[in-house]
Amino acid sequence: MKLLAMLLLWAACAWAQETPIAVSPDGGRYYGALREGKFNGRGRLEWDNGARYEGGFENGLYHGRGRLTTADGRAYSGEFEKGQFHGRGRYEAPSGEVWEGDFEKGELTGHGTYSRPDGMRYRGEFVKWRFHGEGTLTHADGSKQAGQWQYGRLLNDPAAREAGRSVETALFAQRQLLDAALAGIAPGRRGIIDLYLLAVAGDGTQEVFRREVEYVRSQFDGRYGTRGRSIALVNSRHTYGTAPMATVSSLQEALKAIAARMDRDEDILFLFLTSHGTAEHELKLQQNHMALRDLPARELAELLKASGIRWKVIVVSACYSGGFIDAVKDDSTLVITAARHDRTSFGCADENDFTYFGKAFFKDALPGSRSFEEAFRKAEALLAAREKKELPKEQPSAPQMHSGAGIAQHLKRWWNSVPGT
């Protein structure tokens with residue numbers, strides 16, 4: 001007993017003197033009490049990237065009351081159980097959004113509130129972070145929606161019905177919008193390797209994908225000569241009446257139109273797809289108030305084969321996107337993905353301008369690179385450093401690249417023809 005008391009006193013003194021008494025497997029410095037070699041009682045963990053937890057521990061896991069702050073500015077204060085948010089708590093996002101209420105196994109499930117910096121506020125019941133059950137949503141302008149919610153939607157909501165009618169009206173314009181976009185594709189030029197861009201923003205429920213596609217199209221039109229040879233298919237709450245939507249059918253038509261205009265012996269298609277991805281290796285195609293069919297990797301491969309386009313660079317930015325490689329790879333194709341086939345990617349948030357991969361590859365790496373392969377290697381290193389700093393407890397996304405020998409040589413010839421590179 002005397003020895004135990006002395007050890008506990010020594011641990012308390014060490015914590016007070018800011019000397020860590022243990023280091024967690026992911027490099028966190030621990031200050032606090034130990035029992036049988038595990039964190040137990042009150043303590044503190046700190047990481048070099050600024051992440052921090054202070055509160056209760058049990059058998060090495062967060063337990064009881066505490067506060068967790070991540071490297072990217074997220075914070076949770078409240079009750080933990082076996083390392084997860086569990087009980088009453090408050091979760092704050094870097095965007096200024098706040099969730100407060102009853103948490104269960106890491107998710108807000110029960111009664112609570114949600115608020116945004118613009119003044120929007122919801123009070124009621126939740127299931128896994130989404131409005132579900134009785135609740136009232138107060139908008140920034142003071143208008144309210146009250147009643148029974150189901151997974152984020154108000155049942156029998158007049159506003160939703162009106163939005164549905166607006167979308168239905170916009171659908172009449174889709175045929176004209178797509179036809180106009182396809183008709184504007186310039187033909188290939190004999191003896192010159194032209195690059196064609198087809199950029200697809202798949203999930204319209206989060207604007208980050210639209211912003212990413214708009215940036216890439218502007219970048220390629222201005223830097224890589226795709227002006228007049230670029231098409232964007234976009235799902236967004238802002239563009240369904242002004243831009244062609246991203247569907248399996250519109251993608252198929254766009255590929256056919258590009259194939260008909262390009263010189264298939266020399267021109268190159270750069271296909272950029274950004275969206276959420278599934279563990280079954282499907283790219284999510286979603287538009288607000290619509291049910292769209294997702295795009296499986298094998299179907300993308302079939303569409304590309306049917307188009308007859310030979311030279312291709314395919315960039316898929318989505319969770320589990322590495323699962324697209326085996327389906328589409330061949331000697332005349334360079335494939336780049338944001339994650340391994342069994343890993344998630346990061347940065348998909350409505351308020352973001354880029355996903356983590358999109359920023360690393362297109363914004364940070366590509367402008368100073370002499371090839372897409374070089375840009376990938378730079379982006380790979382940038383992503384690894386960012387994820388280690390901001391997401392130390394997450395599995396790295398592990399972006400992937402596969403290049404056929406034929407496309408590698410053909411891209412060198414094209415790159416040498418790009419002015420200023």
Would you find a donor on one side and an acceptor on the other, under 3.5 Å apart, between the side chain of [X] and the backbone of [Y]?
{"X": "T226", "Y": "S230", "result": "no"}
{"X": "N235", "Y": "Q287", "result": "no"}
{"X": "S250", "Y": "M245", "result": "yes"}
{"X": "D26", "Y": "K393", "result": "no"}
{"X": "Y224", "Y": "R227", "result": "no"}
{"X": "S369", "Y": "A365", "result": "yes"}
{"X": "S317", "Y": "T274", "result": "no"}
{"X": "K363", "Y": "A360", "result": "no"}
{"X": "H281", "Y": "H341", "result": "yes"}

Taking only Lys NZ, Arg NE, NH1 and NH2, and the carboxylate oxygens of Asp or Glu, determine whether [X] and [Y] approach each other closer than 4.0 Å.
{"X": "E214", "Y": "R210", "value": "yes"}
{"X": "E282", "Y": "K284", "value": "no"}
{"X": "E54", "Y": "R52", "value": "yes"}
{"X": "R229", "Y": "D221", "value": "no"}
{"X": "E46", "Y": "R44", "value": "yes"}
{"X": "E390", "Y": "R386", "value": "yes"}
{"X": "R130", "Y": "E107", "value": "no"}
{"X": "R293", "Y": "E299", "value": "yes"}
{"X": "D102", "Y": "R88", "value": "yes"}

Can you tell if the side chain of [X] reaches within under 4.5 Å of the side chain of [Y], non-hydrogen atoms only?
{"X": "M262", "Y": "D194", "value": "no"}
{"X": "M401", "Y": "F376", "value": "yes"}
{"X": "L45", "Y": "S24", "value": "yes"}
{"X": "V213", "Y": "V200", "value": "no"}
{"X": "F103", "Y": "E81", "value": "no"}
{"X": "L34", "Y": "I21", "value": "yes"}
{"X": "H63", "Y": "L61", "value": "no"}
{"X": "L304", "Y": "I309", "value": "no"}

Is there a donor-acceptor contact under 3.5 Å linking the side chains of [X] and [Y]?
{"X": "E207", "Y": "S236", "answer": "yes"}
{"X": "T242", "Y": "T239", "answer": "no"}
{"X": "D267", "Y": "W311", "answer": "no"}
{"X": "E212", "Y": "T355", "answer": "yes"}
{"X": "Q400", "Y": "T337", "answer": "no"}
{"X": "R123", "Y": "T136", "answer": "no"}
{"X": "Q206", "Y": "D350", "answer": "no"}

Rounded distance [0.5 Å steps], [atom1] in [X] versus [atom2] in [Y]:
{"X": "L137", "Y": "F131", "atom1": "CG", "atom2": "CZ", "result": "5.5 Å"}
{"X": "I185", "Y": "I258", "atom1": "CD1", "atom2": "CD1", "result": "5.0 Å"}
{"X": "L383", "Y": "K378", "atom1": "CG", "atom2": "NZ", "result": "14.5 Å"}
{"X": "L178", "Y": "T247", "atom1": "CG", "atom2": "OG1", "result": "8.0 Å"}
{"X": "S371", "Y": "W414", "atom1": "OG", "atom2": "CH2", "result": "10.0 Å"}
{"X": "H410", "Y": "K312", "atom1": "NE2", "atom2": "NZ", "result": "11.0 Å"}

Between [X] and [Y], is the ring centre distance below 6.0 Å?
{"X": "Y114", "Y": "W129", "value": "no"}
{"X": "Y53", "Y": "F80", "value": "yes"}
{"X": "Y122", "Y": "W149", "value": "yes"}
{"X": "Y196", "Y": "F270", "value": "no"}

Does anything in residues 398-408 form a salt bridge (charged side-chain N to carboxylate O under 4.0 Å, His left out)? List the pairs, not counting sequence neighbours.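 Salt bridge (charged side-chain N to carboxylate O under 4.0 Å, His left out) check on residues 398-408 returns no pairs.
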
Just do the side chain to side chain contact (heavy atoms under 4.5 Å, CB included) check on Y356 and L382 with the steps written out, would you? CA-CA 9 Å; Y356 278 23; L382 290 168; over 6 Å; no

Would you sort out whether Y62 and F39 count as a ring pair (Phe, Tyr, Trp, His ring centres under 6.0 Å), showing the intermediate values? CA-CA 9 Å; Y62 310 149; F39 311 157; 9.2 Å; no

Which residue in the set R343, E380, E387 passes side-chain hydrogen bond (donor to acceptor under 3.5 Å, both in side chains) when paired with S397?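 Answer to the side-chain hydrogen bond (donor to acceptor under 3.5 Å, both in side chains) test with S397 among R343, E380, E387: E387.
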
If you take all heavy atoms of [X] and [Y], which pair is closest and at what distance?
{"X": "I407", "Y": "S332", "answer": "CB-C, 3.5 Å"}
{"X": "P94", "Y": "G73", "answer": "CG-C, 4.0 Å"}
{"X": "L233", "Y": "A246", "answer": "O-CB, 3.7 Å"}
{"X": "A243", "Y": "L177", "answer": "N-CD1, 3.7 Å"}
{"X": "F85", "Y": "L68", "answer": "CE2-CD2, 4.3 Å"}
{"X": "W47", "Y": "G27", "answer": "CD1-C, 3.9 Å"}

All N/O donor-acceptor pairs, side-chain side in residues 320-327, below 3.5 Å, sequence neighbours left out:
residue: S321; atom: OG; partner: V316; partner atom: O; Å: 3.4
residue: S321; atom: OG; partner: A318; partner atom: O; Å: 2.8
residue: S321; atom: OG; partner: A338; partner atom: N; Å: 3.2
residue: S321; atom: OG; partner: A339; partner atom: N; Å: 3.3
residue: D326; atom: OD1; partner: K329; partner atom: NZ; Å: 3.3

Kindly write out the residues that satisfy side-chain contact (heavy atoms from CB on, under 4.5 Å) with N40, not counting sequence neighbours, or none if the list is empty.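 Residues passing side-chain contact (heavy atoms from CB on, under 4.5 Å) with N40: R35, K38, E58, N59.
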
For Y215, which of F361, F354, F220 qualifies under ring pair (Phe, Tyr, Trp, His ring centres under 6.0 Å)?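 Considering F361, F354, F220, a ring pair (Phe, Tyr, Trp, His ring centres under 6.0 Å) with Y215 is found only for F354.
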
Between T138 and R121, does a side chain to side chain donor-acceptor pair (under 3.5 Å) hold up when you go through it step by step? CA-CA 5 Å; T138 303; R121 182 178 178 85; over 6 Å; no

